[in-house]
Amino acid sequence: MSNNILKNLAIIMDGNGRWAKERGLIRTKGHEKGADTIRDITEYCAEHETIETVTLYAFSTENWKRPKYEVDFLMRLLDRWLKKELETYHRFGARFETVGDIEGFSPKLQKTIASIKEQTAHHTNVTQILALNYGSREEIAKAATRLASRGEEITENSLGDELNTPYTDIDLMVRTSGEQRLSNFLLWQLSYSEFFFTPTLWPDFTPHELDDIVDQYVNRNRRFGGL
Ligand code: IPE
Ligand code: IPE
Ligand code: MG
């Protein structure tokens, strides 16, 4: 019987559009509902004894391919949502961080992001890391470029440390909506993580379902190549 500790959790929050479509609503309604789910999941993570970070895939470098109205909506939603969530971060003792190239966002949104980071920097129950304009291949390539430009040797350790994420190993990765792929998420950091795929669409995902997944994770046999 295993007893795995869960420190770093990552979630691909997928299925907002389909959730809306099933209800005859426009896709953006799914994003609004999905934003509420983030609060519930962050509360679960803050209260969980061992979880230190939860990384949530919110916008990929490939998501710019979507229609402009949807991209614009997501940017506005993020700005509005972060301002509203400040109170939640304080209540849960959650620190807000990001990974990804936020310089691709408007100055206004960048300012909001920086302000929420600053105001939550002292919280220690959990760090919620939103992956924003994030692409794993780009993250790895840029890390290697930085090492090379400093004339440093590229090794597993140096490259791992140079990545923008504050960890090198994710313990558990969950993707909602039934899709079973990584979509350029944390390729390096997921090398030995346990994967769970659930058909539940992100707006319908609950702390209760996550708790079931965590129970299964705890009992998985992680061998890391050993016996
Ligand atoms: C995930 O939901 C949120 C983002 C990628 C921004 P989707 O918008 O991908 O929803 P589906 O996959 O179309 O249902
Ligand atoms: C992955 O979902 C990105 C996020 C959840 C932010 P997508 O819906 O963009 O992924 P694909 O296109 O189905 O692979
Ligand atoms: Mg999707």
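First listed ligand is number 1; within each ligand, the first listed atom is number 1. For the numbers below, each heavy atom of this structure counts, side chains included, while hydrogens, waters and symmetry mates do not.
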[Y] and [X] side chains, donor-acceptor separation under 3.5 Å:
X	Y	answer
Thr200	Glu209	yes
Gln119	Ser115	yes
Asn4	Tyr217	no

Open item on the list: Before you tell me yes or no, could you show the steps for Tyr57 and Leu186 under side chain to side chain contact (heavy atoms under 4.5 Å, CB included), namely the whole-Å CA-CA distance, both residues' side-chain angles and the distance that decides it to 0.1 Å?
Closed with: CA-CA 9 Å; Tyr57 207 3; Leu186 303 175; over 6 Å; no
- [ ] Consider every N or O of Asn63 and every N or O of ligand 1, then say whether any pair is closer than 3.5 Å.
- [x] no
Open item on the list: Which atom name would you report as the N, O or S atom of Asp14 nearest the Mg ion (ligand 3)?
Closed with: OD1
Open item on the list: Could you check whether any heavy atom of Arg27 sits closer than 4.0 Å to an atom of ligand 1, since that is the contact criterion I want to use?
Closed with: yes
Open item on the list: When you measure from the heavy atoms of Gly15 to every atom of ligand 1, does any distance fall below 4.0 Å?
Closed with: yes
Open item on the list: Looking at Arg222 and Asp171, is any side-chain nitrogen of the basic one under 4.0 Å from a carboxylate oxygen of the acidic one?
Closed with: yes
Enumerated ligand 2 atoms positioned under 4.0 Å from heavy atoms of [X]:
X	answer
Ile12	5 (C)
Phe59	6 (C)
Arg66	7 (P), 8 (O), 9 (O)

Can you get from [X] to [Y] by hopping between Ile, Leu, Val, Met, Phe, Trp and Tyr side chains that sit under 4.5 Å apart?
X	Y	answer
Leu187	Val99	yes
Val54	Leu6	yes
Leu56	Ile12	no
Val71	Leu77	no

- [ ] Output yes when a side-chain donor or acceptor of Asn63 lies under 3.5 Å from a complementary backbone atom of Ser60, and no otherwise.
- [x] yes
What protein heavy atom sits nearest [atom], and how far away is it?
atom	answer
atom 5 (C) of ligand 2	Met13 O, 3.3 Å
atom 10 (O) of ligand 1	Gly17 N, 2.9 Å
atom 14 (O) of ligand 2	Ser183 OG, 2.6 Å

Task: Numbering as shown, the atoms of ligand 1 that approach Ala58 to under 4.0 Å (heavy-atom distance) - done: 6 (C)
- [ ] For Arg18, counting its heavy atoms only, list the atoms of ligand 1 lying under 4.0 Å from any of them.
- [x] 11 (P), 12 (O), 14 (O)
TODO: May I ask you to check whether Ser60 has an N/O atom sitting below 3.5 Å from an N/O atom of ligand 2?
DONE: no
TODO: Measure from atom 2 (O) of ligand 2 to every heavy atom in Arg175, Arg181, Glu179 and give the option owning the shortest one.
DONE: Arg175
Task: atom 12 (O) of ligand 2 touched by protein (heavy atom, under 4.0 Å) - done: no
Open item on the list: Please classify the Phe185 to ligand 2 contact at 4.0 Å (heavy-atom distances, strictly less than): side chain, backbone, both or neither.
Closed with: neither
